[in-house]
Amino acid sequence: MRHQSRRWPCGLVILLALLGDAAAAAAEPAGKRPGKQQPEPEQQQRPIAWTWISQQPQLSSIAGILTLIGADKQLSGPFTGTLLLPTNKAVAEYASRLQAPLQIADTDALQPFWKLFFSSLIDYHVLLARVYAKQWDASRQHSTRYYSSNGLPHSVTFLANSSCTPVLPGRAAGSANSKTAGSRRGKAGKAAVPTEPCRTVAVQDEQGNNVTFAEARTAVQGGGVIHTVNAVLQPNDIFPSLAAVLAAMDFSDLSSALQQIDAGLNITVLADLEKTPGTLAAPTNEAFVGLDLSGADAAALLRIVTYHFCPDTQPWKLVYTPFTSPTKRNPCITLLGRTTGQAALLQLTYKQQSSALDAAPDMWVSYPTSAGNTTVAVNSTATIVMADITVPLHVVHAVSKLLLPPS
């Protein structure tokens with residue numbers, strides 16, 4: 001996260017700079033050569049990022065989130081990157097999709113989980129480089145400060161008007177003789193540089209949403225830039241709820257199983273899980289291939305579902321990659337183990353095989369499928385096809401196999 005000020009049209013900025021230079025030249029004694037150039041007045045007047053953000057009524061919601069995660073202190077000095085800040089309307093729309101209780105007061109037990117969630121989400125709105133709302137390409141990808149096992153780092157794409165072509169020196173926009181920057185060459189035989197870039201019209205996030213600008217290019221101290229946008233940007237592994245994860249990804253069979261449990265037992269499994277922090281191993285549709293659950297007993301299905309979930313009361317106990325074992329959080333005790341008094345047996349162990357940096361690591365979850373005898377459990381494994389899917393109170397790992405508890 002970084003800084004922002006009032007938007008100045010490019011022509012006005014240049015005009016102010018020229019006026020500042022003219023005033024400085026007029027003040028010089030006749031015949032005296034100018035000394036070392038002073039910073040332009042416009043640069044001296046750029047605000048501190050947090051000062052600017054906190055003074056914008058349309059950014060009061062995101063300012064509250066920044067304060068919650070301590071970003072207000074980080075933004076109280078020079079900022080060199082780019083901030084993409086959602087408006088109040090955008091934050092309200094995203095908040096309407098949250099299913100977990102929004103408990104963020106200092107005394108709330110869930111506040112640490114919300115801090116973790118919002119910290120990751122806000123990091124996706126911070127670009128490492130200074131990026132203006134003009135570019136020389138139809139689209140350009142920019143790295144964000146958000147890192148996870150699904151993106152190193154995650155990125156957004158700035159999109160220009162599809163009909164825009166950067167203008168070359170000496171050519172009018174739309175001229176029949178204009179050529180691309182890479183094809184026209186100057187006197188030295190080098191490719192001519194376009195003099196008029198395309199204006200960025202939207203930012204595309206990793207979930208394919210094209211988010212428009214509410215206001216672009218507010219410069220702040222440190223050289224950074226702030227743009228306000230009309231929606232919350234979403235990386236490929238952060239969702240506002242478990243329900244959103246199931247709807248967006250390959251979990252339709254799991255959703256059907258949850259609905260079958262609700263109907264058979266008159267409960268609301270997913271709604272209850274939304275309010276309970278923990279780590280979920282979510283079986284994909286591949287895990288249900290060959291299984292007919294249409295006539296399955298709802299209580300038996302509930303037993304299976306609760307074997308996939310490890311509840312916890314502290315965010316540091318959520319089982320994220322890299323998986324190391326044993327630790328205080330891994331293996332984790334399943335909800336089935338807690339409710340049946342078999343915590344020592346009904347655990348899930350997340351494992352990761354070390355591999356080359358340019359290859360995805362092998363990941364799997366190991367779990368008892370047979371009690372064996374009184375001291376030894378016979379384990380099986382399920383491959384993790386996508387790890388570290390983040391929702392407000394949970395981390396979700398998609399697995400390709402249904403985890404069946406020992407009978």
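In this text the structure is predicted, and so the values were computed from the model without any measurement.
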Quick one: NZ on Lys317 to SG on Cys332, what's the gap to the nearest 0.5 Å? 11.5 Å
Can you confirm whether Leu402 sits close enough to Pro283 that some side-chain heavy atom of one is under 4.5 Å from a side-chain heavy atom of the other? yes
If you round to the nearest 0.5 Å, how far is NE2 of His308 from SG of Cys310? 11.0 Å
Show the nearest heavy-atom pair for residues Asn285 and Asp250, with the distance to one decimal. ND2-OD1, 2.7 Å
Is Arg329 reaching over with its side chain to a backbone N or O of Leu318, donor-acceptor style, under 3.5 angstrom? yes
List the atom of Tyr367, the atom of Leu404, and the distance in Å for their closest heavy-atom pair. CE1-N, 3.8 Å
Of all the heavy-atom pairs spanning Ala298 and Ile261, show the shortest one and how long it is. O-CG1, 3.9 Å
Polar side chain donor-acceptor pair, Thr390 to Tyr320, under 3.5 angstrom: yes
Closest non-hydrogen atom pair, Pro406 against Tyr307: CD-OH, 3.8 Å
Could you give the distance from NZ (Lys351) to CG (Asp362), rounded to the nearest 0.5 Å? 13.0 Å
What is the minimum heavy-atom distance between Leu68 and Lys115, and which atoms define it? O-CE, 3.3 Å
Please confirm whether the backbone N or O of Gly278 pairs with a side-chain atom of Asp312, one donor and one acceptor, at under 3.5 Å? no
Interatomic distance, Gln56 atom CD to Thr51 atom OG1 [nearest 0.5 angstrom]: 11.0 Å
Has His227 got a side-chain atom pairing as donor or acceptor with Val131's backbone, closer than 3.5 angstrom? yes
When rounded to the nearest 0.5 angstrom, what distance separates CD1 in Ile53 from OG1 in Thr228? 11.0 Å
I need the minimum non-hydrogen distance between Phe323 and Gln352, along with the two atoms involved. N-OE1, 3.3 Å
Any non-hydrogen side-chain atom of Phe309 less than 4.5 Å from a side-chain atom of Thr276? yes
Calculate, to the nearest 0.5 Å, the distance between atoms CG and CD belonging to Leu301 and Gln260 respectively. 5.0 Å
For Thr279 and His397, which I'm curious about, is there any donor-acceptor pair between the side chains at under 3.5 Å? no
Report the residue from Leu270, Thr284, Leu246 that forms a side-chain contact (heavy atoms from CB on, under 4.5 Å) with Leu254. Leu246
In this structure, is the centre-to-centre distance between the rings of Phe239 and His394 below 6.0 Å? no
Assess the residue pair Leu233 and Leu84 against the criterion (side chain to side chain contact (heavy atoms under 4.5 Å, CB included)); give the C-alpha distance rounded to whole Å, side-chain angles, the decisive distance to 0.1 Å, and a yes or no. CA-CA 9 Å; Leu233 301 169; Leu84 302 168; 3.5 Å; yes
Pair Gln204-Asn210, side-chain donor/acceptor within less than 3.5 Å: yes
Residues, nucleotides or ligands: over 12 heavy atoms within 6.0 Å of Asn266 CG: no
Check: His142 ring centroid to Phe158 ring centroid under 6.0 Å: yes
Between Ser380 and Lys401, do the side chains contain an N or O donor and an N or O acceptor separated by less than 3.5 Å? yes
Can you see whether Asn330 engages Thr324 through a side-chain donor-acceptor pair at a distance of less than 3.5 angstrom? no
Can a side-chain donor-acceptor contact be found between Ser148 and Asp237 if the only test is distance below 3.5 angstrom? yes
